[in-house]
There are 2 protein chains.
Amino acid sequence: MPNATIRDVAREASVSVASVSRALNGATNIRPELRDHIRDVAKRLGYVPHAGARNLSLARSSTIGVVVPDLHGEFFSELLRGMDRQASELGLHLLLMVMHGEADRGVTALHAMRGRVDGLVVMAPQITSDELFAHLPKSMPSVLVNCAPHEGVRPELRVDNVAGAVAVIEHLAAGGCRRIVHVAGPEANIDARERLRGTREACARLGLELRVLQGDFNEDSGTAAIATLHAERAAFDAVFAANDMMAVGALMALKRAGIAVPDQVAVAGFDNIPLTRLISPALTTASIDIAEFGARAVVRLAGLIDGAADDTLEWRAPIVIARESTRQPPKNTTENPIRRGDRE
Amino acid sequence: MPNATIRDVAREASVSVASVSRALNGATNIRPELRDHIRDVAKRLGYVPHAGARNLSLARSSTIGVVVPDLHGEFFSELLRGMDRQASELGLHLLLMVMHGEADRGVTALHAMRGRVDGLVVMAPQITSDELFAHLPKSMPSVLVNCAPHEGVRPELRVDNVAGAVAVIEHLAAGGCRRIVHVAGPEANIDARERLRGTREACARLGLELRVLQGDFNEDSGTAAIATLHAERAAFDAVFAANDMMAVGALMALKRAGIAVPDQVAVAGFDNIPLTRLISPALTTASIDIAEFGARAVVRLAGLIDGAADDTLEWRAPIVIARESTRQPPKNTTENPIRRGDRE
DNA sequence: TTGCTTCATGTAACCGGTTACATCAAGAGC
DNA sequence: GCTCTTGATGTAACCGGTTACATGAAGCAA
């Protein structure tokens with residue numbers, strides 16, 4: 001037995017569909033007794049409006065699409081949590097779309113969003129902007145999050161990866177490190193590239209030795225980096241990984257190799273995922289409030305959907321959360337505002 | 001300029017809407033040249049079908065709703081990852097619905113799913129079944145995951161929490177522990193209640209002393225439990241928390257208090273979230289493959305949507321992953337199959 | 001040529017809502 | 001009594017697709 005439709009309710013209540021619609025949507029131009037009667041009938045029939053039909057006729061789905069490259073790890077889980085909290089507050093639903101790294105499948109999926117969502121929050125650090133724009137439905141409001149740079153202005157949100165990396169290197173230098181190893185993220189990933197750039201700049205400016213090893217943002221590649229260095233008997237006193245998971249991998253490998261952290265080698269990551277404060281030694285990392293970041297993207301998208309003009313590229317500058325995995329700088333060396341300890 | 005519709009394409013290509021539909025959906029009863037012509041025109045106009053309209057007329061959305069109580073922590077992130085992987089494989093989209101603990105808002109949201117999704121995976125360990133069934137749209141296929149027990153059979157998936165808790169207690173006992181503290185989860189939560197029940201049963205059977213403290217599944221309540229015990233100068237040699245996050249909180253608190261784990265007090269959790277193997281000492285925990293669990297729910301829901309008959313209550317029995325936070329049992333005491341070390 | 005089949009194409013109904021506009025009754029003003 | 005206004009209610013078009021059925025042309029056999 002299929003679900004009741006608005007016409008079933010209308011027939012059962014001996015009124016027109018228009019009245020039913022009015023009764024259930026709280027229109028004022030309806031007699032209160034009639035409204036109550038219709039509501040009773042609807043409840044009795046167990047009528048639940050068909051959201052799809054409603055969306056079609058209203059040309060509005062109250063749903064926003066979230067495009068992310070991956071769901072692995074705590075970064076996305078935090079981001080999603082922040083977006084969900086905000087969306088729920090605004091009465092919006094979240095349709096998840098994971099690109100799984102495959103650009104072509106991603107394009108298909110992007111198309112599938114048309115008529116399903118009112119707008120998109122797109123986080124695609126691994127795709128080129130041209131590719132992205134070519135397939136973003138033209139009239140679809142969208143907020144770009146950490147996407148590659150591109151022509152023109154668009155509503156956009158970005159982590160200042162360069163500044164974050166610079167701050168980490170400065171923190172390491174202040175703690176006395178001189179020979180830095182950077183475990184980079186995937187080359188195609190814009191976040192990874194900018195963190196590398198910030199690292200290069202800061203090391204050059206501060207006269208630090210820099211060795212760059214290629215990683216892929218997974219824990220294993222952090223472990224592998226240490227193995228490589230070990231095999232070469234390379235000398236280094238700090239490892240800065242382009243994200244926390246790789247830093248964790250490196251940290252574990254160093255511990256297994258019996259190298260003292262931070263006394264022999266300092267370790268730092270990027271992202272401040274929740275587990276960084278739980279491992280031992282707790283990991284120093286560059287932090288933005290990931291959940292807030294996600295929530296902000298949703299707020300701006302909601303504004304866009306409601307027709308607000310918005311062409312801002314908004315930046316979030318990470319701060320360094322100094323924990324046990326790096327040596328603390330001497331008290332008064334606070335050229336840059338570096339936050340100590342934990343936020344919670 | 002709004003997006004092109006199928007009628008725009010039809011007009012531009014001088015054919016009927018039916019032909020356009022046929023051309024774009026790969027129907028065979030259309031002349032190849034005409035099909036190609038239509039596809040060219042569609043591409044030129046940048047036509048992207050309106051999924052909402054398509055769904056309405058097909059009475060199928062290719063979307064499944066995921067109802068979860070919360071998005072905090074790695075358990076849900078892993079579950080979601082598994083579900084997404086499977087859904088994407090089956091060509092399904094995921095619409096996220098977080099209940100945020102509020103039962104009434106949850107009900108509204110459940111209703112909002114009608115006409116938006118083809119089916120639901122409902123994970124609602126904190127809601128009573130009556131409440132749930134009363135508001136699950138009658139004709140909506142749904143797979144229940146870790147829900148409270150109820151009358152009748154339904155497609156359902158459950159972690160065998162009792163068996164998992166029993167296995168953990170047996171493992172602790174085998175390692176020589178005699179005075180167990182159990183940090184329980186929220187009383188309204190069915191998982192929490194069953195883990196407590198398993199703990200009670202096993203302790204009674206094995207003649208172990210048991211102290212139960214109330215927790216709420218968050219890290220803090222694990223910490224708080226240790227503080228309580230400390231204040232009372234209580235004697236105990238093992239802490240079994242009803243989930244990993246509380247176990248982590250307890251572990252951290254014990255470390256801060258200078259109590260050796262596992263030598264003075266053993267610690268075990270439940271869920272095997274990814275970070276359990278990264279902290280130090282690595283946490284012993286009861287494990288199911290969370291991602292697989294989620295994927296399985298999606299597979300069964302997809303079957304249900306396609307009309308398959310399915311009334312099975314499927315169980316997943318956790319195994320104990322013995323790590324550094326508990327003492328290992330002597331070699332030949334393997335009454336129950338307990339897995340050593342780490343998977344991966 | 002006629003009649004029948006086959007196949008490509010078009011027409012229009014339908015999915016289940018919303019809502020502009022038409023209609024109609026009641027009350028007000030004269 | 002008549003017109004005008006006001007407000008409740010109904011009718012039907014519309015959102016943008018899909019598809020059952022109608023149509024008509026081509027192919028083929030007799």
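To find a chain, count down the sequence lines: A is the first, B the second, and so on, and within it residues start at 1. Both backbone and side-chain heavy atoms feed into the values below; hydrogens, waters and symmetry mates do not.
With sequence neighbours excluded, no residue forms a ring-ring contact (aromatic ring centres under 6.0 Å, His included) with A/H100. The salt bridge (charged side-chain N to carboxylate O under 4.0 Å, His left out) search around A/E12 returns A/R44, not counting sequence neighbours. With sequence neighbours excluded, the residues that form a salt bridge (charged side-chain N to carboxylate O under 4.0 Å, His left out) with B/D8 are B/R11. Checked against ring-ring contact (aromatic ring centres under 6.0 Å, His included), B/H111 has the following partners two or more places apart in sequence or in another chain: B/H135. Listed by chain and number, the residues in a side chain to side chain contact (heavy atoms under 4.5 Å, CB included) with B/P149 are B/R158, B/I190 (sequence neighbours excluded). Applying the side chain to side chain contact (heavy atoms under 4.5 Å, CB included) test to B/A59 and every residue at least two apart in sequence or in another chain returns nothing.
Under 4.0 Å is where a charged nitrogen must lie from a carboxylate oxygen, and between A/R154 and A/E156 no such pair does.
The stretch residues 37-55 of chain B has no heavy atom under 4.0 Å from DNA chain C, so no residue of it qualifies as close.
Positionally, the nearest nucleotide of DNA chain D for A/T28 lies more toward the 5' end than for the other of A/T28 and B/S19. Of the two residues contacting DNA chain D, namely A/R7 and A/S14, the nearest-nucleotide position lying further toward the 5' end is that of A/S14.
Among the atoms of the strands shown, only primed sugar atoms or phosphate atoms (P, OP1, OP2) are found under 4.0 Å from some heavy atom of B/R114. Within the 4.0 angstrom heavy-atom criterion, only backbone atoms of the sugar-phosphate kind lie near B/I30; the bases stay farther away. At the heavy-atom level, B/L56 lies under 4.0 Å from base atoms of the strands shown. Looking at heavy-atom distances under 4.0 Å, B/V15 makes contact with sugar-phosphate atoms alone, never a base. The residue B/A18 sits close to a base: some heavy atom pair falls under 4.0 Å.
When DNA chain C is scanned in the 5' to 3' direction for atoms under 4.0 Å from non-hydrogen atoms of chain B, the outermost contacting nucleotides are C/dA8 to C/dG17.
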Stepwise side chain to side chain contact (heavy atoms under 4.5 Å, CB included) test for A/F76 and B/L80: CA-CA 11 Å; A/F76 293 108; B/L80 212 55; over 6 Å; no
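Taking the C1' atoms of five terminal pairs at each end of the helix from C/dT1-D/dA30 to C/dC30-D/dG1, the two resulting helix axes are inclined by 60°, rounded to 10°.
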Quick one: side chains of residues 88-99 of chain B, donor-acceptor pairs under 3.5 Å with protein atoms, not counting sequence neighbours, listed by atom name and distance.
from: B/S88; atom 1: OG; to: A/R105; atom 2: NH2; distance (Å): 2.6

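Applying the salt bridge (Lys or Arg N to Asp or Glu O under 4.0 Å) test to pairs two or more places apart or on separate chains, those with a residue in residues 294-314 of chain B are B/R60-B/D306, B/R296-B/E314, B/R300-B/D310, B/R300-B/E314, B/E314-B/R316. Within the structure, side chain to side chain donor-acceptor pair (under 3.5 Å) contacts touching residues 67-79 of chain B (residues at least two apart or in different chains) are B/E78-B/R81.
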